Amino acid sequence: MTPTNSVVPCGCAFLAETPSQIFSAEQFAGDEALMISTAEQFSRREVLPIVERLDHQEDGLMPGLIHKAGELGLCGVDTPEAYGGLGLSKNLAARILEFMSLNGSVSVTYGITSGISQVGLALFGNEKQKNKYLPLLATGEWIGAYALSEPNSGSDALSATTRADRVGNKYVLNGAKMWISNAKWADLFLVLAKVDGERFSAFLVEKDFPGVSVSREEYKMGLKGSSTARLILENAEIPVENLLHQEGLGHHVAFNALNIGRFKLASMSIGLARDAIGLAANYALDRKQFGQPISSFGLIQKKFALMATWFYAAESMIYRTGALIDSAFESTGGSIEGNRKAAEEYSIECSACKVFSTEAESLIIDEALQCYGGYGFTEEFPIARHYRDARVSRIYEGTNEINRLFIADRLMRRVKEGRVSGIAIGDSFLSELAGKAIELAPRDQIGIGALSDVLLLTYAEQSARLRAQQVGGSAPMLYQAILPWLNLRGAEAFQTLSGESVVLPSAGRPEFEAISQLVYTRKGPAL
């Protein structure tokens with residue numbers, strides 16, 4: 001296929017030939033860079049030396065870490081200043097979250113309390129609610145949790161059966177919430193329930209309210225240092241003033257919190273991948289076979305180059321999306337309705353980041369473990385913990401399958417509603433495939449998933465390319481190395497959707513050795 005300049009209707013920034021704003025991690029400087037460094041040093045000095053103790057959930061240890069992080073301002077990075085936070089950008093919050101995620105258990109505990117447990121309140125709460133609760137969460141004095149899933153209601157969130165009934169000046173809640181991160185330590189839960197069994201609504205539930213309890217910890221494959229348990233509501237009495245937003249509009253709170261949560265989960269995922277790359281690089285440089293370090297072997301160098309390119313593409317998507325989200329919030333004026341629109345505007349890109357980054361995380365950590373050989377399969381080395389911890393990333397915050405259905409469905413809905421304008425397609429091999437894939441408008445799940453794959457791979461390609469053009473240095477080399485991989489998978493997805501043969505464009509051989517040397521030098525990602 002040869003790129004053309006066809007025009008198709010699309011509401012997604014990632015298909016625009018010249019996006020209005022491109023952002024890269026390299027642009028952080030000054031106080032922003034200091035905050036990022038603070039997060040990294042916190043992880044390396046406070047967290048990584050005690051991971052074994054964390055895995056055994058030593059009493060008070062994890063809450064103590066969150067309190068320390070709060071004292072440093074890390075729990076309220078993008079919380080408004082008026083409510084005890086720093087009021088910084090979503091993009092900077094994502095970068096800080098990446099470096100707070102060098103351990104999976106701390107990542108999820110910190111990520112929930114500083115992110116999805118606060119964002120619904122910050123966007124949809126009234127002044128009394130925000131003044132009461134946000135300062136406690138932003139300073140790390142309290143730990144937050146988000147309670148949406150139920151034993152029989154996971155991906156199909158709106159089928160929840162937890163019930164809320166108005167009784168005088170209280171709501172009485174009954175039901176059980178499952179897979180609740182931070183449950184054992186949480187002081188405040190954002191709970192979704194149906195008023196009178198019909199109107200999906202959001203509530204701010206304190207742990208000490210009558211009728212609120214937490215069941216035993218789940219015995220998990222990974223994230224053993226985090227708390228995951230059921231929240232039990234048995235005639236739980238919730239003051240009427242703790243209704244968040246409006247009765248029947250809980251989906252606005254729940255799904256827009258998830259939109260931002262998916263964006264941030266992408267950063268959590270590459271944080272763990274970052275540490276895996278560093279661990280594997282140190283091991284490869286030290287481990288000798290046949291009289292030389294295994295880091296000198298070509299197939300090992302190729303692994304590190306691939307890890308670096310997957311990381312580069314995921315990171316490029318995240319920081320571009322973060323800039324777009326920040327721009328949307330700046331333009332909406334801060335009203336509740338404006339916040340809703342801003343959180344929804346780039347929901348497709350947030351899902352694309354979540355899917356690509358969590359799957360890149362799995363690829364990176366798998367290859368990092370392979371570099372250890374047999375040692376990687378033992379608990380003696382830290383890479384095994386990362387391997388276990390990373391697996392859940394493709395499940396929570398909406399499974400990657402649900403996110404794939406969402407990406408294509410939301411795009412096609414915007415097209416049908418006429419909410420988007422025609423834009424140029426054809427600035428790359430993948431963007432041409434995307435234009436053709438959209439025109440096919442699949443209706444079955446396999447076709448819809450394939451369309452979403454073409455779309456999110458297009459977003460990855462374009463983000464990586466635009467960042468390379470913006471920052472130069474080693475970025476163009478990383479882009480040229482990831483491009484054949486992206487094109488191949490895009491062609492495979494298009495074939496699944498259309499049944500047509502696809503001829504891949506020619507591509508030069510990636511500079512695997514040069515990229516691996518950058519990884520070895522940096523003991524981490526190449527850029």
Side-chain angles (χ1 to χ4, degrees), residues 70 75-88 90 93 112-148 160 162-173 177 186-196 198-210 212 231 233 236-261 325 328-345:
C75 289
V77 176
D78 56 343
T79 308
E81 289 183 88
Y83 310 108
L86 300 181
L88 302 175
K90 294 286 186 290
I112 295 291
T113 201
S114 67
I116 200 169
S117 74
Q118 291 190 44
V119 68
L121 173 58
L123 298 183
F124 294 97
N126 59 42
E127 286 302 308
K128 184 176 179 180
Q129 292 169 338
K130 290 190 285 189
N131 278 308
K132 181 176 182 180
Y133 292 120
L134 279 178
L136 294 169
L137 296 169
T139 59
E141 185 176 345
W142 275 22
I143 291 175
Y146 178 84
L148 175 62
T162 297
R163 183 182 176 98
D165 294 285
R166 178 75 180 266
V167 181
N169 64 349
K170 293 183 174 65
Y171 286 94
V172 177
L173 272 60
K177 295 294 183 177
D187 302 280
L188 182 69
F189 298 85
L190 197 163
V191 175
L192 283 303
K194 288 182 177 178
V195 175
D196 298 331
E198 296 178 353
R199 298 186 297 281
F200 197 68
S201 306
F203 299 88
L204 298 167
V205 177
E206 296 182 25
K207 68 174 182 180
D208 293 328
F209 283 167
V212 177
L231 173 68
L233 303 162
E237 299 178 5
I238 315 302
V240 68
E241 59 266 25
N242 278 41
L243 171 70
L244 182 59
H245 197 26
Q246 300 176 38
E247 280 190 9
L249 295 182
H251 59 289
H252 287 177
V253 178
F255 296 150
N256 285 299
L258 280 173
N259 288 338
I260 303 301
I325 292 171
F329 275 106
E330 288 171 6
S331 67
T332 55
S335 67
I336 287 179
E337 180 61 16
N339 287 338
R340 181 186 68 80
K341 290 180 178 179
E344 287 179 357
E345 182 68 21

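Given the structure is predicted, the values throughout are model-derived calculations rather than measurements.
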State, yes or no, whether a side-chain contact exists between [X] and [Y] at a heavy-atom distance under 4.5 Å.
X    : Y    : result
V212 : L231 : yes
T79  : L137 : no
K207 : L188 : no
K170 : I238 : no
N242 : V205 : no
V253 : F200 : no
L190 : L192 : yes
Y133 : D187 : no

With no hydrogens and no angle check, is any side-chain donor or acceptor of [X] less than 3.5 Å from a backbone partner on [Y]?
X    : Y    : value
R340 : A342 : no
K177 : L148 : yes
E330 : I325 : no
N259 : A343 : yes
D196 : E198 : no
T162 : A193 : no
K194 : G248 : no

For [X] versus [Y], what's the shortest heavy-atom pair and its separation?
X    : Y    : value
A328 : T332 : O-CG2, 3.1 Å
A257 : I116 : O-CG1, 3.8 Å
F203 : V195 : CZ-CG2, 3.9 Å
D78  : S114 : OD1-O, 4.2 Å
T113 : W142 : OG1-O, 3.8 Å

When rounded to the nearest 0.5 angstrom, what is the spacing between [atom1] in [X] and [atom2] in [Y]?
X    : Y    : atom1 : atom2 : result
S201 : H252 : OG    : NE2   : 11.5 Å
Q246 : I336 : CD    : CD1   : 7.5 Å
E241 : N169 : CD    : CG    : 7.5 Å
L173 : L233 : CG    : CG    : 5.5 Å
C75  : I143 : SG    : CD1   : 8.0 Å

Check: Is the F124 ring parallel, tilted or perpendicular to the H245 ring (thresholds 30°, 60°)?
Finding: tilted

Check: Looking at residues at least two apart in the chain, or sitting in another chain, which of them share a salt bridge (Lys or Arg N to Asp or Glu O under 4.0 Å) with E247?
Finding: R199

Electrostatic pair [X]-[Y], nearest N-O below 4.0 angstrom:
X    : Y    : answer
E344 : K341 : no
E206 : K132 : yes
D165 : R163 : yes

Margin query: Quick one, Q129 with N131, criterion side-chain contact (heavy atoms from CB on, under 4.5 Å). Give me CA distance, side-chain angles, the key distance, then yes/no.
Written below: CA-CA 6 Å; Q129 292 169 338; N131 278 308; over 6 Å; no

Notebook entry, point to check: Under 6.0 Å between the ring centres of F189 and Y146?
Noted result: no

Next item on the list: Taking atom types as modelled, find out whether Y83 and E127 have a side-chain donor-acceptor pair closer than 3.5 angstrom.
Entry: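 Result is yes, a qualifying pair exists.
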
